[in-house]
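Data block below; observations after.
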There are 2 protein chains.
Amino acid sequence: MKEKNAIEPVCAVDYAFKRIGGKYKGRLIWYLYNHEVMRYGELRRSIKDITPKMLTQTLRELEEDGLILRKVYYEVPPKVEYTLTEVGMELIPFIQYLKDWGNKQLEKSNLPAIEASCG
Amino acid sequence: MKEKNAIEPVCAVDYAFKRIGGKYKGRLIWYLYNHEVMRYGELRRSIKDITPKMLTQTLRELEEDGLILRKVYYEVPPKVEYTLTEVGMELIPFIQYLKDWGNKQLEKSNLPAIEASCG
DNA sequence: CAGTATCCCTATCGATACTG
DNA sequence: CAGTATCGATAGGGATACTG
């Protein structure tokens with residue numbers, strides 16, 4: 001069994017994929033890019049069928065990876081805003097590219113691509 | 001329970017991520033881009049610790065998605081060559097971008113990025 | 001409003017052995 | 001050489017209920 005914190009050689013491609021992989025990360029980043037700033041409930045309503053657990057979990061991972069910023073307003077009722085960081089913004093060109101590519105493939109296969117659900 | 005083949009609205013970002021997600025797909029595409037054509041055993045040796053099961057499985061998925069081409073030579077001993085398709089090639093700019101981004105992040109965090117293991 | 005806490009499931013991945 | 005076949009492990013995700 002390998003040690004968990006052993007420093008191992010890392011492939012940059014793998015590294016990057018892990019940082020943006022996961023079921024909702026791509027969409028989350030894309031939403032935040034298009035809306036600049038979004039609150040928790042707003043994100044929750046945007047991503048159809050996501051559970052609070054998954055939303056919180058995904059947001060925390062993105063935050064730990066330095067891709068998004070979480071700003072808490074200490075008031076009642078609570079208010080939390082999420083925005084992309086500089087580093088997170090650097091991923092936009094690539095997600096844009098991927099989105100265009102995806103749409104092109106979807107057209108070819110006659111599957112419906114719903115723009116609205118992508119931000 | 002949802003029907004498996006029901007046509008549902010699809011988000012292009014999600015769609016694209018599924019097509020290139022998975023533990024080895026990014027690297028596999030990147031290898032094939034850099035070597036143009038590779039045989040099964042060559043890929044197996046390149047991707048350290050991948051099992052034949054995972055390699056075959058991943059290659060088949062990429063093939064079904066039209067990203068790679070599998071060419072069989074009917075001779076003894078068997079020979080099979082893998083190459084990127086046109087559609088697969090369209091992903092290169094984006095993987096390149098992601099790789100550069102990954103390397104930049106790795107530098108910042110003082111983790112070792114091994115170029116060799118990325119193609 | 002913005003989350004936690006639990007419990008559970010299954011897709012994905014891994015180890016090992018075998019084959020046309 | 002280029003794979004299959006089988007079984008077992010686990011990480012990621014989902015349902016539901018509850019809270020500061």
Side-chain angles (χ1 to χ4, degrees), chain A residues 1-5 8 11 13-15 17-28 31-32 35 37-65 68-83, chain B residues 1-5 8 11 13-15 17-28 31-32 35 37-65 68-83:
Chain A
M1 192 165 167
K2 285 184 182 176
E3 283 196 41
K4 195 145 196 180
N5 290 330
E8 303 181 50
C11 164
V13 176
D14 284 352
Y15 172 85
F17 264 103
K18 280 191 187 151
R19 243 106 224 95
I20 53 156
K23 191 165 181 184
Y24 304 103
K25 285 188 183 173
R27 261 156 88 190
L28 229 31
Y31 279 124
L32 289 176
H35 294 75
V37 47
M38 288 179 88
R39 296 180 61 177
Y40 184 89
E42 212 176 340
L43 286 165
R44 194 168 163 179
R45 269 171 270 119
S46 298
I47 302 187
K48 213 167 137 356
D49 295 334
I50 195 172
T51 60
K53 178 194 155 190
M54 283 315 296
L55 180 53
T56 300
Q57 188 177 303
T58 309
L59 287 169
R60 291 295 136 82
E61 285 174 21
L62 290 171
E63 194 192 356
E64 276 168 34
D65 283 341
I68 67 171
L69 197 73
R70 179 172 179 265
K71 183 170 186 184
V72 183
Y73 294 85
Y74 293 96
E75 38 182 74
V76 183
K79 179 179 171 183
V80 179
E81 288 180 346
Y82 293 92
T83 48
Chain B
M1 196 163 165
K2 285 184 184 177
E3 281 194 45
K4 194 140 198 187
N5 289 330
E8 303 181 51
C11 164
V13 176
D14 285 352
Y15 172 84
F17 265 102
K18 281 191 187 154
R19 242 107 226 93
I20 53 157
K23 191 164 180 184
Y24 303 103
K25 284 189 183 173
R27 261 154 89 190
L28 229 31
Y31 279 123
L32 289 176
H35 294 74
V37 48
M38 289 179 87
R39 297 180 60 177
Y40 184 90
E42 212 176 341
L43 286 165
R44 194 168 164 181
R45 269 171 269 119
S46 298
I47 301 186
K48 214 167 132 5
D49 295 335
I50 195 172
T51 60
K53 178 195 156 189
M54 283 314 296
L55 180 53
T56 300
Q57 188 176 304
T58 308
L59 287 168
R60 292 294 136 83
E61 284 174 22
L62 290 172
E63 194 192 356
E64 275 168 34
D65 283 341
I68 68 172
L69 197 73
R70 178 172 180 265
K71 183 170 185 184
V72 183
Y73 295 84
Y74 294 96
E75 38 183 74
V76 181
K79 178 179 172 185
V80 179
E81 288 179 346
Y82 293 92
T83 48

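Just so you know, these numbers come straight off a predicted model, no measurement behind them.
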Residues A:Lys25 and A:Ile20: closest non-hydrogen pair is CB-O, 3.5 Å
Validation row: B:Asp14, A:Arg27 side chains within 4.5 angstrom (heavy atoms)
yes
Does the structure show a Watson-Crick or G-U wobble partner for C:dG20, both distances under 3.5 Å? Name it, or say none.
D:dC1
For a quick test of reading the model: is some side-chain N or O of A:Arg45 closer than 4.0 Å to OP1 or OP2 of C:dA2?
no
In numerical order, the residues of residues 69-82 of chain B whose heavy atoms come under 4.0 Å of DNA chain D are B:Arg70, B:Pro77, B:Pro78, B:Lys79, B:Val80, B:Tyr82
Nucleotide nearest A:Thr51 (side chain, heavy atoms from C-beta), chosen from D:dT16, C:dG14, C:dT4:
D:dT16
Output the rounded distance in Å from CG (A:Leu59) to P (D:dG13).
13 Å
Is it true that a side-chain atom of B:Tyr73 and a backbone atom of B:Glu81 form a donor plus acceptor pair closer than 3.5 Å?
no
Roughly how many Å is it from CG in B:Leu43 to P in D:dG3, rounded to a whole number?
10 Å
Nearest-Å distance, CG (B:Leu55) to P (C:dG14)?
12 Å
In the structure I gave you, are the side-chain heavy atoms of B:Ser46 and B:Met38 within less than 4.5 Å of one another anywhere?
yes
Check the distance between C:dG14's P and B:Ile50's CD1 and give it to me in whole angstrom.
8 Å
Would you kindly give the CE-to-C1' distance between A:Met54 and D:dT16, to the nearest whole Å?
16 Å
Among C:dC13, D:dT4, D:dT16, which is the nearest nucleotide to the side chain of B:Lys23?
C:dC13
Here the gap from B:Gln57 atom CD to B:Leu62 atom CG, rounded to the nearest 0.5 Å, amounts to 11.0 Å
Side-chain N or O of A:Arg44 closer than 4.0 Å to phosphate OP1/OP2 of C:dA2:
no
With DNA chain C as reference, determine whether B:Glu61 or B:Pro52 sits nearer its 5' end, using the nearest nucleotide of each.
B:Glu61
A:Asp49 CG - D:dG14 P separation (whole Å)
9 Å
Take atom CZ of B:Arg27 and atom P of C:dC13, then tell me their distance rounded to the nearest Å.
12 Å
Integer-rounded Å distance: D:dA11 P and A:Lys18 NZ:
12 Å
Determine whether more than 12 heavy atoms belonging to other residues, nucleotides or ligands lie under 6.0 Å from atom NZ of B:Lys18.
no
What are the two closest heavy atoms between A:Ile68 and A:Leu59, and how far apart are they?
CD1-O, 3.4 Å
Starting the side chain at C-beta, find the nucleotide from D:dT4, D:dT6, D:dG14 nearest to A:Lys53.
D:dG14
Is the shortest side-chain N/O distance from B:Tyr40 to OP1 or OP2 of D:dT4 below 4.0 Å?
no
